[in-house]
Asks: 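Questions regarding the structure given below will be posed in turn.
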Amino acid sequence: MKITRRSALKSSALAATALALRGSHLFSQAATGVDAHIDILPSEPIGTISPEIYGHFIEHLGGVIYDGVWVGPDSKIANTNGIRQSFIDTMKAVQAPLLRWPGGCFADSYDWRDGLGAADKRPARTAFWGQQDSNRYGLHEFMHTCRAIGCKPYLASNMRSLPARDFYQEIEYCNAPSGKVPSNSAAPAMPNSLALARGANGDVEPFNVDLWGVGNESWGCGGNLVPEEYAAMFRRFTAWTPSYQPNPLRFVAVGPNGDDVDWTRRLFKSLFSNSERRHIFGLSVHYYTSGSPTAFAEGDALNFNGDDFYDLLTRASIMERVVTDHWEAMGQTAEAGQPRVKLVVDEWGAWYGKGTALGPNYNLSQQSTMRDALLTGITLDIFQRHADKVAVAAVAQSINCIHSLMLAQEDKFTVTPTFHVFQMYLPHRGAQAVRAEFSAPAIRNPLANAPIPVGGNSYTGSLEAVKLLAGLSGSASISPANPKQFTLTVVNPHIDQPVTAEIAVAGAAIASSTGTVLAEPDMHAHNDFAHPNAVHPNTAIMTSPAGGRLTHTFPPASVTTLQLTLV
Ligand code: AHR
């Protein structure tokens with residue numbers, strides 16, 4: 001994305017003293033002129049935007065599963081078979097395409113058999129994150145969660161502490177058909193014993209899980225492996241697995257922490273060092289944005305100033321570099337004849353330090369403000385701009401955790417500003433991404449003087465500081481149902497400055513437009529249990545297109561979705 005095309009780069013000098021509170025009068029401020037341009041280029045298609053980039057992730061961590069997703073069938077809290085109703089409804093409201101489980105780091109010490117059978121007979125186990133797991137929420141409860149939402153399950157397997165046999169038997173348990181299965185030999189057709197066990201546990205019909213993570217963060221909590229060791233494990237785990245569907249299972253290999261390109265290069269070299277064909281659909285990428293410019297998983301979710309705001313969004317924008325770096329690295333080591341491996345960004349979001357958790361037992365829970373809404377828009381726009389590369393993504397994590405869409409505690413519940421952005425970006429699902437040029441003065445990152453901490457739970461590294469944040473960024477797509485209908489999403493990160501842009505579609509004229517905007521006078525604005533609707537989107541104030549072009553003012557610190565209809 002080009003930051004400036006028509007305008008000379010000028011620092012907007014929105015540095016240290018950026019206002020924490022803005023007067024609401026700023027929203028009614030009339031636009032004085034055009035200070036940015038957005039040129040949509042329909043003749044430059046990027047790819048179909050995979051509906052699976054709007055995915056979600058849950059693991060047994062703090063209040064995510066117990067009290068978040070799972071309240072139990074006997075709870076006075078509204079539920080469907082024990083699953084919190086408001087969780088189901090919210091995931092439906094964003095048309096969640098997939099849900100990843102059981103981890104995260106939790107996955108690599110989790111035994112899927114522990115969560116099967118009579119609830120009161122399941123073993124309580126010591127689990128990752130210094131927790132105990134009653135195993136009340138197990139494989140069937142997870143599948144029922146996905147069914148209730150209407151989304152696909154994405155299972156992460158335990159590669160660190162269970163052998164390959166458990167991996168393929170978990171596949172067999174999930175996917176073997178009910179009834180008699182042809183033996184493909186001289187023996188008669190017969191029922192599969194794991195399918196029978198699944199039926200005895202309440203689900204006769206297969207779960208048909210096609211997306212499988214082969215381990216998680218194997219460089220860290222998933223085994224402290226080096227790429228060559230992990231590649232050998234991946235080859236062994238995937239060399240043979242049961243197959244019941246015409247399409248091959250989609251295996252996702254553990255990718256880098258942050259932007260560790262060395263991991264990806266060495267992994268791919270090693271994966272293909274054995275000449276057998278590899279069954280690899282995607283490379284998992286985890287990129288978190290720390291709440292602090294100098295330390296990983298630090299900083300306050302609620303208490304931040306303008307410098308922190310710009311710095312965090314600048315570091316979030318590095319996702320673009322992470323995507324392109326690893327795409328290039330995979331391309332260099334790709335095997336001829338092997339389908340192009342896609343990127344699966346299955347953990348992303350802003351990760352803050354302690355201080356805004358719902359309660360002492362809600363490890364890693366954090367509040368979520370307008371700042372996080374902008375991060376969400378910036379990230380989804382990056383995935384959409386790279387629709388040819390990013391096939392799947394999952395925000396970490398759906399409820400009561402890092403970068404959540406929902407916060408819940410007993411009978412209290414609220415959605416966060418991030419939820420609204422997911423909803424506002426729905427028109428891009430399955431649409432044709434096309435290139436769009438954004439020309440706007442960039443913002444100088446006031447804190448770009450230290451290496452950027454990157455990492456996950458068990459490993460941290462750093463990237464060199466980034467000095468500029470795009471003054472306006474976004475993405476464009478053409479509706480699959482109507483070639484004259486375009487969706488344009490735009491983030492204006494200026495804390496106190498509206499940006500007026502002239503929007504044009506090359507070779508075509510805009511006839512009409514509608515819009516939705518998420519903007520608040522205070523960048524700290526958030527929802528809580530007492531004020532669950534404090535932050536919500538509004539209908540955007542539109543002007544009429546003139547000469548086939550639209551002039552639109554994007555309010556300060558806002559996320560906007562525009563629907564453009566061509567003549
Ligand atoms: O999402 C929290 C943790 O972050 C996950 O368990 C792990 O994969 C990552 O380090």
Side-chain angles (χ1 to χ4, degrees), residues 55-66 68-69 98-110 126-131 133 137 142 154-161 212-225 230 252-260 263 282-291 295-299 301 316 319 322 344-354 357-358 361-366 368 372 375-376 379 392-407 416 418 453-462:
H56 303 271
F57 166 40
I58 52 172
E59 75 175 315
H60 178 33
L61 199 185
V64 176
I65 301 293
Y66 299 104
V69 177
L98 58 86
L99 191 56
R100 176 176 183 247
W101 177 83
C105 293
F106 175 82
D108 274 298
S109 49
Y110 179 69
T126 300
F128 201 86
W129 300 111
Q131 298 177 150
D133 186 8
Y137 189 86
F142 171 66
Y154 170 18
L155 287 177
S157 61
N158 177 347
M159 197 189 217
R160 191 195 66 228
S161 53
W212 294 84
V214 186
N216 172 76
E217 298 195 351
S218 301
W219 32 262
C221 60
N224 296 153
L225 304 178
Y230 173 74
V252 179
V254 167
N257 168 34
D259 199 29
D260 181 3
W263 169 277
L283 181 78
S284 157
V285 171
H286 291 182
Y287 179 71
Y288 286 103
T289 308
S290 174
F296 187 75
E298 293 291 344
M319 179 68 88
V322 172
V344 174
V345 188
D346 49 12
E347 292 190 27
W348 65 268
W351 188 332
Y352 301 103
K354 292 188 190 310
L358 294 171
N361 296 326
Y362 291 81
N363 191 11
L364 301 195
S365 111
Q366 60 188 38
S368 198
D372 301 295
L375 185 150
T376 307
T379 305
V392 175
V395 61
Q397 302 188 8
S398 312
I399 184 163
N400 290 347
C401 199
I402 306 160
H403 213 94
S404 291
L405 280 76
M406 294 164 253
L407 301 176
T416 67
T418 287
V454 290
N457 173 59
S458 49
Y459 174 91
T460 54
S462 63

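All values below were derived from every heavy atom in this structure, side-chain atoms included, with hydrogens, water molecules and symmetry-related copies excluded. Every number for a ligand or one of its atoms is a count from 1 in the order of the listing.
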Asks: Name the one of Tyr352, Trp348, Trp351 that satisfies ring pair (Phe, Tyr, Trp, His ring centres under 6.0 Å) with Tyr288?
Replies: Trp351
Asks: Ignoring hydrogens, what is the shortest heavy-atom contact between Asp372 and Ala350? Give both atom names and the distance.
Replies: OD1-CB, 3.5 Å
Asks: From atom 3 (C) of ligand 1, work out which of Trp129, Phe128, Phe57 has a heavy atom at the shortest distance.
Replies: Trp129
Asks: NZ of Lys354 to CG of Asn363: how many Å apart, nearest 0.5 Å?
Replies: 5.0 Å
Asks: Which of these passes ring pair (Phe, Tyr, Trp, His ring centres under 6.0 Å) with His60: Tyr66, Trp129, Phe142, Trp101?
Replies: Tyr66
Asks: Which of the atoms of ligand 1 are close to Glu217, meaning less than 4.0 Å from one of its heavy atoms?
Replies: 7 (C), 8 (O), 9 (C), 10 (O)
Asks: Asn216 heavy atoms, cut-off 4.0 Å: which ligand 1 atoms fall inside?
Replies: 8 (O)
Asks: Do ligand 1 and Cys105 have nitrogen or oxygen atoms that lie under 3.5 Å from each other?
Replies: yes
Asks: Enumerate the atoms of ligand 1 whose separation from the nearest heavy atom of Glu59 is less than 4.0 angstrom.
Replies: 1 (O), 2 (C), 3 (C), 5 (C), 6 (O)
Asks: How long is the span from the CZ atom in Phe128 to the CZ atom in Arg160, to the nearest 0.5 Å?
Replies: 7.0 Å
Asks: At less than 4.0 angstrom from any non-hydrogen atom of Ile402, what atoms of ligand 1 do you find?
Replies: 1 (O), 2 (C)
Asks: Give the single entry among Tyr288, Trp351, Trp348 that approaches atom 1 (O) of ligand 1 most closely by any heavy atom.
Replies: Tyr288
Asks: With respect to Arg100, which candidate in Asn216, Leu155, Val252 satisfies the side-chain contact (heavy atoms from CB on, under 4.5 Å) definition?
Replies: Asn216
